[in-house]
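Data first, discussion second: the structure below is written as structure tokens.
These numbers come from a predicted model, not from an experiment.
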Amino acid sequence: MNNKMSAAPSPQTLSKIAIAMGAYVLLVIWPCFDALRLFIAEDNRAFSLHHLAVAVGSALAVTIFSQRVMLSLCRPPVDKAAHFAEGEVR
């Protein structure tokens, strides 16, 4: 069994994942939520432009937040020894 960790994903891969998460919010969660409002609560305001604007804003926020968090968690470890010159006190 190999216990070595695989290489961290590239920033481009993490961007694609973040965009997919935002698209999921916009294309799956928002329509399901508004469909529930329409059919269960009989809310005539379901699928309004206001709700669409909130969904787009939420999807954008999820995309930016998830990309920033994934990038911060996937940074390669820093070799602290390489940052000190010989003879420097650590």
Side-chain angles (χ1 to χ4, degrees):
M1 181 179 223
N2 190 358
N3 289 333
K4 290 183 180 179
M5 291 181 61
S6 62
S10 70
Q12 292 82 12
T13 302
L14 295 177
S15 294
K16 289 178 185 177
I17 293 170
I19 290 169
M21 292 172 71
Y24 181 78
V25 169
L26 189 61
L27 300 174
V28 175
I29 294 178
W30 171 66
C32 289
F33 180 74
D34 268 4
L36 287 173
R37 284 185 74 156
L38 180 64
F39 295 120
I40 293 176
E42 297 177 3
D43 184 5
N44 294 333
R45 295 176 297 155
F47 297 105
S48 68
L49 289 178
H50 173 70
H51 291 168
L52 178 60
V54 170
V56 168
S58 299
L60 185 62
V62 164
T63 301
I64 293 169
F65 177 76
S66 62
Q67 182 177 14
R68 291 181 61 122
V69 169
M70 287 188 292
L71 285 174
S72 70
L73 292 175
C74 290
R75 286 189 186 135
V78 176
D79 184 14
K80 292 181 182 177
H83 293 290
F84 293 99
E86 282 188 37
E88 214 175 311
V89 177
R90 295 182 187 181

Please list, one pair per line, the donor and acceptor atoms closer than 3.5 Å that link side chains of residues 16-23 to other protein atoms, with sequence neighbours excluded.
none

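- Applying the salt bridge (Lys or Arg N to Asp or Glu O under 4.0 Å) rule to pairs touching residues 17-29 yields nothing, sequence neighbours excluded.
- Residues satisfying the side-chain contact (heavy atoms from CB on, under 4.5 Å) test with P11, not counting sequence neighbours, are L71.
- For residues 55-67, every residue pair satisfying the side-chain hydrogen bond (donor to acceptor under 3.5 Å, both in side chains) rule, not counting sequence neighbours, is listed here: S15-Q67.
- Scored by the side-chain hydrogen bond (donor to acceptor under 3.5 Å, both in side chains) test, S48 finds no partners at all (sequence neighbours excluded).
- Within the structure, ring-ring contact (aromatic ring centres under 6.0 Å, His included) contacts touching residues 27-72 (residues at least two apart or in different chains) are W30-F47.
- Partners of S72 by side-chain hydrogen bond (donor to acceptor under 3.5 Å, both in side chains), not counting sequence neighbours: none found.
- For R68, there are no salt bridge (charged side-chain N to carboxylate O under 4.0 Å, His left out) partners at least two apart in sequence or on another chain.
- Taking all atoms of both residues into account, the shortest heavy-atom contact from L14 to P9 is CD2-CG, 3.8 Å.
- Hydrophobic clustering, with ILVMFWY side chains joined whenever heavy atoms are under 4.5 angstrom apart, keeps V28 apart from L36.
- Crowding of L73 atom CG: a count of heavy atoms from other residues, nucleotides or ligands under 6.0 Å exceeding 12.
- The salt bridge (Lys or Arg N to Asp or Glu O under 4.0 Å) pairs that include a residue from residues 23-35 number zero, where partners must be two or more places apart or lie in different chains.
- Annotation for A59 and L26: closest pair CB-CB, 4.0 Å, computed over non-hydrogen atoms.
- The side-chain contact (heavy atoms from CB on, under 4.5 Å) check on L60 picks up I64, with sequence neighbours excluded.
- Pairs of residues two or more places apart, or lying in two chains, that qualify as salt bridge (Lys or Arg N to Asp or Glu O under 4.0 Å) and include a residue from residues 38-67 are R37-D43, D43-R45.
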